[in-house]
Amino acid sequence: MTKANPQPEVQRVEPQGPDGGYGWVMVGAMFVSNMLVFGVIRSLGVFFVEFVEYFEESAQAISWISSIGLAAEQIFSPLGTALCNAYGARPVVMAGGCLTGLGLILASQAKCLTHLYLTMGGITGLGWALVFTPMMATVMRCFTRRRSLALSLGFTGIGISCFAFSPLFQLLVDTYSWRGSLLILGGLSLNLVACGALIRPQGGQIKVVAKEKTESRSSCSAFLWQVYSYLELSLIFQRPFVTYCVAITLFNGGYFIPYIHLVAHARQVGFSEYQAAFVISATGVTDMVGRVLSGWSADMGHIRLIHWLTLWTSLTGVFIVMLPVATLGGSYAGLMVFSLAYGFCAGALTPVIFSVVPQLVGMDRMVGALGLVMLIESIGALLGAPLSGFLKDHTGSYLASLVLAGSSLILGALVLTTLPHFFSRTDPPLKCSSDSKKEAESSESGLMDNPDPNPDKLDPLETICYSETLPSFAETVPDQNHSLCS
Amino acid sequence: MLASWTRLPFQVILLLLSSTGINTKEAPETPGSPVVPGEPVRRSVVLKGKSHVEYVEVLKPVTYELQCTWTGTESKLPNITGFWKRNEGEIENSHVAVPLENNQYNLKREFSIVGDETLGNYSCVFDGVAKIDFIFAVPQMGEVHDKPIVSYVGDSVVLACKMEDTKPTPVTWHWYKPNGTDKALINSSLEHRYKITNDQKKTKLVVLGVEQSDSGMYYCGAVYEVGTSVSHTELRVISFMEPLKPFIAIVIEVIILVVLILLYEKSSKITPGDTDDGTNTEQTNQLTQGENSETSIRQRKV
């Protein structure tokens with residue numbers, strides 16, 4: 001691998017990651033879509049009280065609605081990414097937008113709780129799955145050096161929605177009750193179709209399955225082979241990926257808990273409705289700040305992404321555990337400080353958690369890998385909220401559930417340290433940066449099990465940011481990124 | 001000796017009479033109300049300033065003996081006048097002369113609290129300047145429902161009321177629906193549209209098949225022996241047209257956005273400048289594709 005790059009400018013217009021231009025429009029579309037997806041998810045708490053009164057069901061039964069929605073969003077993610085590999089991101093996201101809107105509109109007519117489970121949980125969750133991961137994958141394909149920053153900017157939509165949507169939803173519920181509000185939310189979610197329309201259509205076949213494999217088999221097994229390749233199922237046999245997935249599952253078990261239970265916990269300790277809502281809003285602000293700062297500093301390249309991830313997740317876990325401890329004395333300042341700290345760290349870990357994936361599996365398998373990651377971490381989501389609800393019902397306070405959530409995050413951070421070459425202090429292995437290529441490659445190939453003995457054979461113009469040692473079942477058509485993001 | 005014999009039965013009779021608790025003291029305020037048995041409950045307040053308010057929670061019919069003590073002003077007159085008020089109206093013949101005893105002025109009076117009409121504000125007034133208010137009331141519900149409950153025509157709606165855990169349990173609950181400007185008691189056995197569920201300190205009213213005419217103020221009453229405390233909730237019934245209007249506006253906005261984006265894309269493809277770029281990009285794509293396939297083949301061999 002020659003250090004002197006003959007044409008550094010050519011690298012900029014290289015297909016993988018133009019790092020600019022239309023890519024920023026994609027970041028904007030991701031921002032809006034995240035706002036709509038997670039804004040609705042996070043603000044479901046406003047509907048909670050209405051549902052409990054109207055359907056006369058327990059709090060646990062009602063909290064299943066958001067659990068099912070969140071779990072559906074994660075379980076159907078591989079489906080979303082597989083369809084993305086097959087048909088391109090645009091039709092998938094637009095279809096997802098239609099489904100989300102449809103689910104909420106149908107939910108507004110619900111006559112019993114099961115209707116809500118199916119519509120607001122199932123259909124809307126499926127719609128979210130078809131929107132979130134493909135949108136994120138599209139942005140990640142458009143950026144290489146600024147990937148974390150682009151992701152973090154896209155994710156700030158989540159923080160802003162937390163801020164803006166709660167009072168808006170409260171106003172809607174006061175004026176139109178929950179039925180009318182769900183109807184209007186369904187309409188708002190249809191804007192996801194417009195976000196999808198912004199994605200440029202990809203010419204040609206997206207993911208070419210290696211021809212010699214398909215020709216020798218019958219059409220049925222060829223189809224199965226295609227599905228296998230689209231879903232990137234071969235990844236589940238690789239240890240680093242599996243380790244990462246276990247860690248993510250643990251993170252997911254604890255990450256959402258404070259957002260669901262913080263208001264109730266604050267009210268229980270004795271603070272008023274407005275004080276509790278203010279804490280949530282303030283946490284949303286630090287969440288956003290944390291995201292952007294983390295994305296920007298992660299791209300600087302001084303500390304490895306995986307180290308950033310371990311740092312932020314362990315800090316988040318610590319602060320979640322400190323939350324109930326600080327409020328034991330009824331101190332509002334304690335609640336505020338730790339909520340803000342939690343918000344900052346929770347936001348900081350989000351861009352890093354996804355920008356690490358291409359380093360683990362390579363650019364061409366990234367889309368499918370993201371889908372699988374979402375599916376596997378859904379176990380955490382499915383168990384997390386009801387388990388903490390169960391703990392609350394049995395112990396009477398939120399102390400046990402918040403401590404469990406925090407410990408789950410800290411445990412996940414410990415699991416991350418078992419990744420191969422975790423303790424090496426070399427720079428982040430993004431091979432697209434010209435200077436540290438040699439170092440980067442050795443650490444990058446060290447992440448997977450088979451190190452590349454002859455890195456010099458790589459072409460200097462080659463900027464595909466994947467681990468070249470992975471046996472690849474498919475070849476990516478490189479011009480897809482060019483047409484997507486220029 | 002005969003005189004003492006006749007005195008004894010008389011005293012026995014008096015003793016018997018007083019032990020059954022027939023009050024020979026103040027007559028109750030409202031005429032015709034039953035006389036309350038039992039020892040009167042004493043409530044006394046010492047006033048240092050100009051006014052004080054005392055809240056008294058009453059559940060059952062009871063007689064209260066209210067004792068007011070005032071420390072007076074700097075100029076301690078040996079005699080001042082005091083009187084009693086009820087709900088801002090002076091009680092007749094309640095003016096008395098209050099002497100200064102132990103540097104204090106004392107007023108004492110008994111009141112029978114037997115029903116809704118007897119609840120209210122009783123005050124003792126010293127010299128026309130110092131006042132102690134005793135407010136007799138049934139336990140009040142703390143929750144205030146200031147936001148109206150919204151429901152749709154044809155839907156069912158649940159209205160709820162709750163008495164705090166710290167306050168005593170009411171005997172029963174009553175619900176009142178709006179009737180013009182007044183309220184009317186709901187009888188759930190007669191009107192099957194209404195279902196009332198009472199559970200100790202909580203009550204729920206379910207109205208099935210709401211109509212526009214059901215809009216208005218609903219009252220829930222916690223009934224105690226001595227009176228009822230009332231809390232209200234407003235019900236607003238709207239038709240499904242109302243949220244439909246903003247919904248349709250948003251859908252139209254989405255359709256316009258999508259059409260605009262697609263049109264912009266089409267027009268930016270049609271412009272002649274783009275065809276040159278198109279061929280250029282194709283060439284670079286082929287180039288890079290060639291290079292990449294080469295490198296990937298190279299890696300596989302490695």
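Residue numbering restarts at 1 for every chain, and letters A, B, ... go by the order of the sequence lines. Values reported hereafter were calculated over all heavy atoms of this structure, with side chains retained and with hydrogens, waters and symmetry mates removed. Because the structure is predicted, anything quoted here is derived from the model rather than measured.
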Cut-off 4.5 Å, heavy atoms of chain A, and the answer for Tyr264(B) is neither
Stepwise side-chain hydrogen bond (donor to acceptor under 3.5 Å, both in side chains) check, Tyr176(B) with Asp182(B) | CA-CA 9 Å; Tyr176(B) 301 86; Asp182(B) 201 4; over 6 Å; no
_Under a 4.0 Å threshold between the charged nitrogen and the carboxylate oxygen, would Glu50(A) count as salt-bridged to Arg179(A)?_
no
* Is the NZ atom of Lys201(B) crowded by more than 12 outside heavy atoms at less than 6.0 Å? -> yes
Would a distance-only check, ignoring hydrogens and angles, find a side-chain to backbone donor-acceptor pair under 3.5 Å from Ser151(B) to Val157(B)?
-> no
Closest non-hydrogen contact found for Ala197(A) with Val258(B) is CB-CG1, 4.3 Å
Among Ile105(A), Leu183(A), Leu198(A), the residue with the most heavy-atom pairs under 4.5 Å to chain B is Leu183(A)
With chain B, the option among Val193(A), Thr175(A), Leu185(A) that has the most non-hydrogen atom pairs under 4.5 Å is Thr175(A)
Under 4.5 Å to a heavy atom of chain B? For Glu56(A) that would be side chain
Under 4.5 Å to a heavy atom of chain A? For Glu265(B) that would be side chain
Bottom line for Ile255(B): the part with an atom under 4.5 Å from chain A's heavy atoms is neither
